[in-house]
Amino acid sequence: MNIGTLENSELLAILPEILLAVLALVVLALDLIWPSSRKRELGIVAGTGVFVILALTLILSPPQGDEALLGGMIRHDDLAQIFKVMVLLASALTCLMSVDAEGVGRKAEYYAILLASTIGMTLMASAADIIMAYVAMETTSIPLYILAGFLRDDDRSAEAGLKYFLFGAFASAFLLYGLSLLYGFTGETGIYDIAAAFRFGEPGTLPLLVAVIFVAVGVAFKVSAVPFHFWTPDVYEGAPIPVAAFVSVGSKAASFALLMRVFLGIFQHQPQMWAPLLVVFSVATMTVGNVLALPQKNIKRLLAYSSIAQAGYTLMGAVAVYASDNGLGAASVTFYMGLYVLTNIAAFTVVTLFHRATHSEEIADMAGLSRRSPGLAMAMLLALLSLGGIPPLAGFIGKFYLFSAAVDAGLVGLAIIGVINAIIALYYYLSIAKVMYVDRSEDEDKPIEVPRPYWVVFGVTLVGIIVLGTIGAGIGFEWARQAALGLPGV
Amino acid sequence: MGFPVLSAIVLTPMAAAVIILLMPDKYTREAKVIAAATGAAVLAMALFVYFNYDVSAAETAAAEGQSSFQFVEDVPWVEALGISYKLGVDGISAPMVLLTALAAFTGVLISWGIEERCREFMAFFMLLVAGVFGVFVALDLFVLFFFYELAIFPMYILIVTWGWKVTRVYASMKLTLYILVGSVIAMVGVIAMYFVAGEATGIYSFDMEHMIAASQSGAFDQVGYLGREGLTFARFWFPFIFLGFGVLAGVFPFHNWSPDGHVAAPTAVSMIHAGVLMKLGAYSALRVGVQMLPEGARVHLPWIVFLTLINVVYGAFIAFRQRDFKYVIGFSSVSHMGLVSMGWATMNEIGMMGAGLQMFSHGAMTALFFACVGMVYDRAHTRDIPSLGGMVQRMPWVAVAFIIGGLVSMGMPGLSGFVAELPIFLGVWNAAGVTLTVGSFTLSNYYPVIAVIGALGIIITASYVLRVVQQVFFGEYNAEKYGELPDITVLDKIALVLLVGSLIILGVYPEIMAPMVQTSMLPIVQVLAGGA
């Protein structure tokens with residue numbers, strides 16, 4: 001295969017990336033042409049554009065099997081396709097929820113940076129080469145650092161950006177070092193080649209263990225696994241709310257794709273090295289996330305800790321990826337990330353609108369929300385219940401798959417810790433429901449306005465989590481199970 | 001099977017909930033009418049199912065050791081994991097469906113007077129009812145958990161929003177967390193069952209009939225589970241699954257959520273909660289625990305029976321000590337639900353049949369009790385027993401209904417309590433052959449002792465019921481304090497008549513339910529006897 005001449009199939013494989021780059025330029029151009037009165041529509045153009053790209057991706061470029069493309073840099077398989085869909089969905093919804101967000105909604109460069117980050121995420125999902133994986137991760141992260149610090153005049157935002165950058169650079173160095181060791185061991189950069197090389201012989205326990213740990217640290221930072229989670233609450237709290245939403249879903253989903261393909265794929269024959277590590281990560285992540293979420297009074301910090309805990313549950317499925325021969329592990333991780341994208345976006349959208357009306361992020365100020373704005377309260381309730389794993393919402397069936405995967409891998413104890421954690425989490429989710437539904441406030445007669453783009457966001461996310469939790473559960477799982485086929489050696 | 005009547009029973013309240021929730025706030029009256037119509041419709045459908053359940057077919061199946069599930073619907077859901085939307089009822093669940101419908105309909109009727117956010121109340125109430133129906137008709141373990149958890153959350157919102165202001169926040173959270181912890185641990189057990197059964201039979205499926213068949217073929221009885229000699233899957237998981245569900249059935253020492261929850265809940269929710277929801281726990285413990293893991297049941301029920309004895313006696317004692325009218329009923333529920341679990345622990349036909357009847361009898365009786373308490377409280381605004389009195393002058397209907405309920409709980413012949421409790425005690429007495437082995441120590445012949453002590457609970461029950469009746473309904477009416485209390489409404493009366501009627505009908509004509517429950521208990525008793 002020759003990089004000089006691109007074939008059709010190769011162009012199709014990177015269709016979303018190409019179109020995203022075009023869209024980013026279009027948004028920037030419109031910013032120059034349009035009068036400032038129309039600036040609000042930039043976000044709608046960006047959001048709609050990503051939706052169109054999503055549709056085109058699904059229609060025009062179905063997965064092409066397990067062939068490596070573009071000189072072995074990427075693969076266009078189901079794993080890549082599903083995570084691309086998630087990332088594009090996250091990106092489109094984030095654009096729409098940014099439209100009326102203070103400080104970011106009318107800025108073309110905001111949307112352009114967001115789309116650039118999306119390009120990185122879609123490449124993370126399809127990267128089949130450690131160099132590509134690293135570049136994709138940086139393409140994702142650097143725009144996110146900028147977005148986190150986008151509100152220049154807000155100290156907290158600036159702090160969030162800087163903190164995110166420092167932690168990110170640190171983790172990225174670890175990852176790069178680990179990947180370079182892999183190259184040193186095998187002389188290969190292709191993920192599938194490295195995995196194949198390890199099948200026939202390994203470079204000795206200690207060096208390999210060092211590589212495992214370094215790569216694991218890099219990825220653990222991206223999915224905000226404990227003890228590499230410290231950046232998460234501060235970044236979520238300081239960053240503009242839509243950015244926090246995007247970091248919490250898009251970046252996390254893409255990182256789990258990377259985790260499965262790069263980390264688990266490469267080391268699949270050495271589960272004795274990483275399985276205990278992942279189990280410890282999983283237990284620590286969900287427990288610390290949930291326990292620290294309990295005392296939170298700021299809704300963004302609470303959602304940050306909740307997202308840490310959610311990563312912990314997902315890691316349960318990740319441990320099982322190579323343990324189950326029916327693809328249950330990979331399918332459960334994929335399915336959970338899909339529903340998590342929809343659910344968390346819904347929750348953050350409520351927070352965006354609430355903040356826009358009240359300039360508050362305190363949970364206590366959400367008192368009386370069910371009287372003030374019944375629709376918003378209901379949206380928040382559905383999102384929280386889905387995060388808490390209550391049927392008929394998708395969170396229940398997603399957790400059910402994850403627990404099943406853990407049990408299938410023989411980790412019944414882990415599953416028990418998981419379900420106990422799910423109950424702890426339900427305590428703080430229900431506490432918010434209580435504030436919204438029971439507590440009273442003086443502002444109950446001031447309804448909160450929900451502009452039209454936000455209706456689209458709520459429509460997509462809430463219908464999504466209900467459908468995925470009920471009639472769509474089977475189809476969704478079947479599709480997620482295809483993702484497993486893209487993994488090396490399965 | 002033409003019309004999917006079981007789906008209709010589950011989905012009608014769910015659809016009603018969505019419609020009511022989407023209606024604008026001013027349509028309070030319409031919301032109530034929709035809820036009541038839904039209640040009436042599901043009651044009609046439940047009666048249809050109940051009276052069309054073919055007992056002779058169940059007898060034929062029981063002769064072969066099989067459970068006869070009827071009105072079965074089966075639609076694939078998540079085929080890759082063998083999950084299907086499969087519904088069906090047997091002679092144990094059909095009465096429970098009827099009970100749920102009864103409590104749902106009467107619950108709507110007596111909630112007519114709710115003023116605060118009545119529309120939302122009705123919506124969540126309908127959702128709760130849908131969840132409860134779902135569990136009783138589920139024939140797939142995933143579907144069972146789906147509806148089990150679905151029922152818990154509306155419960156929380158109903159109690160925390162419309163409950164008794166003093167304890168609602170605490171009680172609702174306590175209740176939710178208790179029940180969920182129990183159920184999710186049972187859920188992990190069921191997932192483990194799924195893989196073990198799948199490995200043994202080659203078919204991975206959450207289908208209950210498949211699970212029961214796998215159990216009969218010995219999939220859960222293989223020694224060497226977890227690498228321990230002498231440990232089987234059934235022995236290891238039975239306590240987790242049985243007691244996990246048992247939390248909701250109020251099994252000691254996990255009953256603590258229940259009185260607080262009942263008292264804090266608004267009247268209609270207490271009725272569903274104590275009347276029906278606790279049966280979800282007992283029913284699931286029987287269906288999943290005892291029927292699917294009989295080998296574990298034989299090992300563990302002989303000690304669990306002591307827990308149920310504590311339920312019966314201790315619950316009754318605590319009820320006797322209460323000053324709060326509603327707490328009396330709350331603890332009486334703990335006591336009476338102990339009898340149901342005790343019935344399961346007899347592991348013989350008559351005891352289990354009695355427990356099946358007790359589920360219905362206690363459900364209708366407790367719903368009636370809570371309805372009466374609610375009616376008194378709504379008018380007198382106190383539940384302090386000593387300061388009430390003479391209510392019979394103001395609310396004769398309530399007094400009569402409460403006294404009948406009281407007689408049921410004392411096990412008076414001619415009423416449903418007698419029909420249910422007598423067989424349970426007979427069953428316990430008959431179970432004298434059951435032995436409990438702890439290490440080298442073997443305890444035998446202790447079941448008759450349990451029967452004797454358990455019967456003591458009935459005496460205490462009589463004393464607290466009579467005390468409440470005497471102090472609340474008779475005695476001096478404090479006209480100065482209460483003034484002219486209004487009598488209950490026509491809707492309230494309809495509700496009371498329906499509940500009292502069902503208690504009397506079952507009491508004088510047990511044939512209407514007993515054969516059905518008995519034939520469906522037979523296959524379970526047979527597998528329990530299988531390896532003994």
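Letters A, B, ... mirror the listed sequences (proteins, then strands); counts begin at 1.
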Fill in: Side chain, backbone, both or neither of L385(A) within contact of chain B (heavy atoms, under 4.5 Å)
side chain
Practice prompt. Can you tell which part of Y401(A) gets under 4.5 Å to a heavy atom of chain B, answering side chain, backbone, both or neither?
Written response: side chain
Worksheet item: Just wondering, more than 12 heavy atoms not from F236(B) lying within 6.0 Å of its CZ?
Response: yes
Worksheet, complete the sentence: If you tally heavy-atom pairs under 4.5 Å between each of L430(A), T470(A), I416(A) and chain B, the highest tally belongs to L430(A)
Worksheet item: Should L21(B) and M378(A) be marked as a side chain to side chain contact (heavy atoms under 4.5 Å, CB included) after you check the CA-CA gap, both sets of side-chain angles, and the distance that decides it?
Response: CA-CA 10 Å; L21(B) 218 45; M378(A) 186 50 71; 3.7 Å; yes
Item to complete: Step through it carefully: locate the ring centre of Y429(A), locate the ring centre of F153(B), and say whether they are under 6.0 Å apart.
Response: no
Worksheet item: At a heavy-atom separation under 4.5 Å, does S172(B) approach chain A through its side chain, its backbone, both, or neither?
Response: neither
Worksheet item: Once the angle between the rings of F396(A) and F142(B) is folded into 0 to 90°, is it parallel (under 30°), tilted (30 to 60°) or perpendicular (over 60°)?
Response: tilted
Discussion item. Could you tell me if the side chain of L328(A) sits less than 4.5 Å from the side chain of F195(B), heavy atoms only?
Written reply: yes
Worksheet, complete the sentence: Taking every heavy atom of A473(A) against every heavy atom of V78(B), the minimum-distance pair comes out as C-CG2, 3.9 Å
Worksheet item: Which region of F146(B), side chain (C-beta onward) or backbone (N, CA, C, O), has a non-hydrogen atom less than 4.5 Å from a non-hydrogen atom of chain A, or is it both or neither?
Response: both
Worksheet item: So what's closer than 4.5 Å to chain A heavy atoms on Y194(B): side chain, backbone, both or neither?
Response: neither
Discussion item. Are the side chains of Y437(A) and V160(B) in contact, using a 4.5 Å heavy-atom criterion?
Written reply: no
Fill in: Proximity breakdown for Y178(B) and chain A, heavy-atom pairs closer than 4.5 Å
neither
Worksheet item: Got more than 12 heavy atoms from elsewhere within 6.0 Å of CD1, I475(A)?
Response: no
Response to the item:
The interface call for E116(B) against chain A, heavy-atom contacts under 4.5 Å, is side chain
Worksheet entry | K434(A) vs M173(B), side chain to side chain contact (heavy atoms under 4.5 Å, CB included): CA-CA, chis, key distance, verdict | CA-CA 10 Å; K434(A) 185 218 124 204; M173(B) 189 60 90; over 6 Å; no
Worksheet item: Distance from I471(A) atom CD1 to Y85(B) atom OH, nearest 0.5 Å?
Response: 12.0 Å
Practice prompt. Answer with side chain, backbone, both or neither: which region of F477(A) has an atom nearer than 4.5 Å to a non-hydrogen atom of chain B?
Written response: side chain
Worksheet item: Most heavy-atom pairs under 4.5 angstrom with chain B, which of S404(A), A415(A), G375(A), S370(A)?
Response: S404(A)
Item to complete: With a 4.5 angstrom heavy-atom cut-off, could you sort out which part of M187(B) is near chain A: side chain, backbone, both or neither?
Response: side chain
Worksheet item: Of the backbone (N, CA, C, O) and the side chain (C-beta and beyond), which part of I390(A) lies under 4.5 Å from a heavy atom of chain B, both, or neither?
Response: side chain
Worksheet item: Relative to chain A, which segment of I83(B) carries a heavy atom at a distance below 4.5 Å: side chain, backbone, both, or neither?
Response: side chain
Item to complete: Kindly give the heavy-atom pair with the smallest separation between L150(B) and P391(A), and that separation in Å.
Response: CD1-O, 3.1 Å
Worksheet, complete the sentence: Honestly, the part of L393(A) sitting under 4.5 Å from a heavy atom of chain B is neither
Worksheet entry | Atom pair CG/CD1 of L177(B) and I423(A) - distance to nearest 0.5 Å | 7.0 Å
Fill in: Residue E199(B) excluded, over 12 heavy atoms near CD under 6.0 Å
no
Fill in: Closest non-hydrogen atom pair, A433(A) against I157(B)
CB-CD1, 4.5 Å
Item to complete: Under the salt bridge (Lys or Arg N to Asp or Glu O under 4.0 Å) rule, what do R481(A) and E79(B) come out as? Steps first, then yes or no, please.
Response: CA-CA 12 Å; R481(A) 213 156 66 102; E79(B) 280 178 85; over 6 Å; no
Worksheet entry | Among D408(A), V412(A), V419(A), V407(A), side chain to side chain contact (heavy atoms under 4.5 Å, CB included) partner for I191(B) | V407(A)
Discussion item. Please classify the contact of V75(B) with chain A as side chain, backbone, both or neither, using a heavy-atom distance under 4.5 Å.
Written reply: neither
Worksheet, complete the sentence: Among E120(B), E149(B), M14(B), the residue with the most heavy-atom pairs under 4.5 Å to chain A is E149(B)
